[in-house]
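Counting begins at 1 with the first residue of the sequence. Computation of the quantities below employed the complete heavy-atom set of this structure, encompassing side-chain atoms and omitting hydrogens, waters and symmetry-equivalent molecules.
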Amino acid sequence: DEEFKLPDSVHQGSRYLYGSVDRSVKVLDPTTGTVLRGLVGHGGTVNSVKMSEDGMRALSGGLDGLVKLWDLNTALCIRTFKGHGYEIECVDMLT
C-alpha cells in the first residue's frame with residue numbers, strides 16, 4: 001500500500017494557507033473558502049507551510065527540496081533556500 005499524505009495547512013487571522021499538489025501554496029479566505037491567490041514557484045507538491053506570527057510572511061517546503069520565503073501581501077518569493085538534497089517534509093519559523 002502506498003502511503004497517502006495530505007499537504008500541510010495553517011490558519012491565522014484572515015488567511016488560511018495550504019500546500020498543494022499543484023506545486024503552489026494556496027491563500028484562502030477562511031470564512032468563504034475563496035482562493036485569494038496562489039504562491040507559485042515549487043517544482044513539486046508543497047508538503048509544509050508555516051505563517052509568521054504577524055501574518056506577513058510564509059515558509060513553504062516541498063518535494064523539490066526547496067524552502068521558499070514568501071511575502072503574503074505581494075505573493076512574491078523573497079528567498080529560495082536550496083541544497084537540502086531531499087524533499088522537505090516540515091518547515092518552521094523562529095519568532
Side-chain angles (χ1 to χ4, degrees):
D1 286 327
E2 187 175 327
E3 181 181 342
F4 179 74
K5 182 171 62 170
L6 288 173
D8 199 15
S9 64
V10 63
H11 172 252
Q12 182 173 316
S14 64
R15 293 184 175 132
Y16 176 84
L17 304 180
Y18 74 91
S20 177
V21 296
D22 75 356
R23 305 179 310 198
S24 71
V25 175
K26 303 292 187 197
V27 182
L28 285 82
D29 178 317
T31 57
T32 66
T34 303
V35 176
L36 302 173
R37 61 179 47 147
L39 309 177
V40 179
H42 278 282
T45 298
V46 178
N47 291 329
S48 183
V49 293
K50 180 70 176 186
M51 195 180 326
S52 62
E53 285 187 11
D54 64 6
M56 303 291 282
R57 307 256 192 270
L59 276 178
S60 60
L63 285 176
D64 57 5
L66 300 177
V67 174
K68 292 187 172 282
L69 177 64
W70 302 94
D71 180 314
L72 293 177
N73 290 325
T74 65
L76 296 175
C77 180
I78 298 168
R79 184 164 181 192
T80 299
F81 301 91
K82 302 177 185 180
H84 299 93
Y86 298 96
E87 74 177 90
I88 306 298
E89 293 187 10
C90 184
V91 295
D92 205 350
M93 281 187 191
L94 297 175
T95 55

If you compare all heavy atoms of M51 against all heavy atoms of R15, which two are closest, and at what distance to 0.1 Å?
CE-O, 3.9 Å
Output the distance between atom OH (Y18) and atom OG (S48), rounded to the nearest 0.5 Å.
15.5 Å
Name each donor-acceptor pair under 3.5 Å that joins a side chain in residues 74-86 to protein atoms two or more places apart or in another chain, with its distance.
from, atom 1, to, atom 2, distance (Å)
T74, OG1, L76, N, 3.3
T80, OG1, K68, NZ, 2.8
H84, ND1, G65, O, 3.1

What I'd like to find out is whether the side chain of L17 reaches to under 4.5 Å of the side chain of L72, using heavy atoms alone.
yes
Side chain to side chain, D71 and R57, heavy atoms closer than 4.5 Å
yes
Matching residue for N47 among E87, E89, H42 - test: side chain to side chain donor-acceptor pair (under 3.5 Å)
E87
Hphob cluster co-occupancy, W70 + V27, side-chain heavy atoms under 4.5 angstrom
yes
What's the separation between atom NZ in K50 and atom CG in D92, rounded to the nearest 0.5 Å?
4.5 Å
Counting only N and O atoms by type, is there a donor-acceptor contact under 3.5 Å from the side chain of T34 to the main-chain atoms of D29?
no
What one should report as the nearest heavy-atom pair of S60 and V25 is CB-CG2, 3.6 Å
If we only count heavy atoms from C-beta on, is the V49 to K26 side-chain gap below 4.5 Å?
no
Is L69 linked to L66 within one hydrophobic cluster, defined over Ile, Leu, Val, Met, Phe, Trp and Tyr using a side-chain heavy-atom separation of less than 4.5 Å?
no
Side-chain heavy-atom pair V46, S20 within 4.5 angstrom cut-off:
no
